[in-house]
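This is a predicted model, so every value here is computed, not measured. One-based numbering, in listed order, for ligands and for the atoms of each.
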Amino acid sequence: MTALSPVLKQATPITVDHGEGCYLYATDGRRYLDFTAGIGVTSTGHCHPRVVEAAQQQIASVIHAQYTTVMHKPLLALTERLGDVLPAGLDSVFFSNSGSEAIEAALRLVRQATGRPNVVVFHGGFHGRTVAAATMTTSGTRFSAGFSPLMAGVHVAPFPTAYRYGWTEEQATDFALRELDYLLTTLTSPAETAAFFVEPVLGEGGYIPGNTRFFQGLRERADRHGILLVFDEIQTGFGRTGKFFGHQHFDVRPDIITIAKGLASGFPLSGIAASRELMAKAWPGSQGGTYGGNAVACAAALATIDVIESEGLVDNAAERGRQLLAGARERATKAVGDVRGLGLLVGTEFTTPTGEPDTATAATAQRLAHEKGLLLLTCGAYSNVVRMIPPLIVTADQVDEALAIWSSVLDEL
Ligand SMILES: Cc1ncc(COP(=O)(O)O)c(C=O)c1O
């Protein structure tokens, strides 16, 4: 009999039968309030009727019209539709399947466009699990250990993680920008640096929002040295943070963004967006893939964007995010060192009485939550942050329901 490889780990022992809106239903009939949203993917909720209908219609028409062989209508329509939501100036897109692939596509583009070999990433960032993306990932050695040699040409600068350093945001930002300048003087010359890759909010790294001065500092240095600024919007895009893209909180212009997750409500679809001028510097034919821009996934993405807009999900993410963050802060007990987030990305960091990361308590909290009917995940280098990422359709009552369960979890710890 075949078995699943033990390499695959699961946060819960649940087997899902079906999903609907913010709820997952297990094969034993139990209902769970899903505040994981498939790691920030099912933003329109599970099986949104309009997404289901669009996908079903497309399946009956054509499933796979391979995009380096022929073009298909959903991909052309999605390309045009993205123009309504992408940041100004990013008017050219390339599609792939996973977030990691989008990161690789962005990496290939920045190297080809600049002719420079190196990139700078920011400590605590998560960009994926393929070799290049894992090399660029510094949110935990678990994503790259046992996998060396990794890719050359990746340098790591600090992210302004004020809480971890025990500094103010201002101090952490001064430090991060100063160290970036030092890195550009001592490790990778600007003339050899193609791009900065950064998440607007560290996701896997612990739900840590960046700040305006930091990102503007990156922009200023990028402009000064001809370096490209890539925002990894894979987790923060499509309304998740209460703006359509996470970087839009920080008054900063990206050269490239990577997109995935919330783009297609659960169908595997990712991509990069850049200006036509920059995209034209990619070597023709150097990007592609068998499944990229799948017709059903593109149809689902079109429906997803319609739902996000017509149901006001970006504003809902902002409002429900404020409710969730305030509620999680109010409920924080002595076991909690910090509660932070942006929009519907809310993290509760568990620490010991001496302020050390408390992995065991976070794991217990996550387990107790699912036993009580609330699905949550952990994140952070020490897996000591419990994160809440509900679908963007979440209601005020569902946030209250989750917070009530969370209170009883914290009481029981
Ligand atoms: C910010 C960010 N970048 C990249 C990725 C990698 O995406 P994937 O798992 O689809 O390869 C993720 C996945 O969690 C992510 O959150």
Side-chain angles (χ1 to χ4, degrees), residues 7-11 36-43 94-110 119 121-140 142-144 147 151 154 156 159 161 195-210 215 229-241 245-247 249-250 254 256-273 289 291-294 297 300-301 341-347 376-381 383 385 387-389:
V7 78
L8 194 62
K9 280 190 152 185
Q10 257 178 266
T36 70
I39 323 189
V41 170
T42 55
S43 294
F94 166 75
F95 293 107
S96 46
N97 306 286
S98 67
S100 302
E101 267 186 278
I103 290 292
E104 299 247 354
L107 175 68
R108 194 175 258 136
L109 175 59
V110 300
V119 295
V121 298
F122 295 86
H123 208 164
F126 180 86
H127 300 292
R129 292 173 189 264
T130 54
V131 174
T135 309
M136 294 161 69
T137 288
T138 53
S139 59
R142 59 189 176 276
F143 303 109
S144 52
F147 194 34
M151 183 184 71
V154 177
V156 186
F159 192 84
T161 48
F196 301 143
F197 277 74
V198 70
E199 288 170 272
V201 180
L202 293 187
E204 180 63 39
Y207 278 20
I208 304 166
F215 291 128
L229 179 55
V230 184
F231 275 99
D232 181 345
E233 292 275 6
I234 287 165
Q235 190 160 167
T236 48
F238 290 84
R240 171 61 51 193
T241 65
F245 292 103
H247 73 271
H249 288 274
F250 306 111
I256 301 175
I257 61 169
T258 55
I259 54 175
K261 289 194 188 267
L263 163 63
S265 294
F267 285 88
L269 184 66
S270 67
I272 59 172
Y291 297 107
N294 171 265
L342 190 62
L344 286 171
L345 292 165
V346 174
L376 300 173
L377 290 170
T378 55
C379 62
S383 303
V385 181
R387 54 172 150 171
M388 298 180 170
I389 345 162

Salt bridge flag under 4.0 Å for residues E101 and R108: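 A salt bridge is absent here (no side-chain N lies under 4.0 Å from a carboxylate O).
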OH/Y291: more than 12 non-hydrogen atoms of other groups inside 6.0 Å: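 Atom OH in Y291 is not crowded, with 12 or fewer foreign heavy atoms closer than 6.0 Å.
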Can you name the residues that come within less than 4.0 Å of ligand 1, going by heavy atoms only?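 Residue list for ligand 1: S98, G99, S100, F126, H127, G128, E199, D232, I234, Q235, K261.
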With rounding to the nearest 0.5 angstrom, report the OG1 to CZ distance, T130 to F147.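 Between atom OG1 of T130 and atom CZ of F147 there are 7.0 Å.
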Specify whether F250 and F215 have parallel, tilted or perpendicular ring planes, treating 30° as the upper limit for parallel and 60° as the lower limit for perpendicular.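 Tilted: the ring planes of F250 and F215 meet at 30° to 60°.
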Output field: ring centroids F231/F245 closer than 6.0 Å: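 Ring centres of F245 and F231 not closer than 6.0 Å.
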Pairing residues for T161 by the side chain to side chain contact (heavy atoms under 4.5 Å, CB included) criterion, not counting sequence neighbours: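 In terms of side chain to side chain contact (heavy atoms under 4.5 Å, CB included), with neighbours along the sequence ignored, T161 is linked to F159, R164, Y165, L202, I208.
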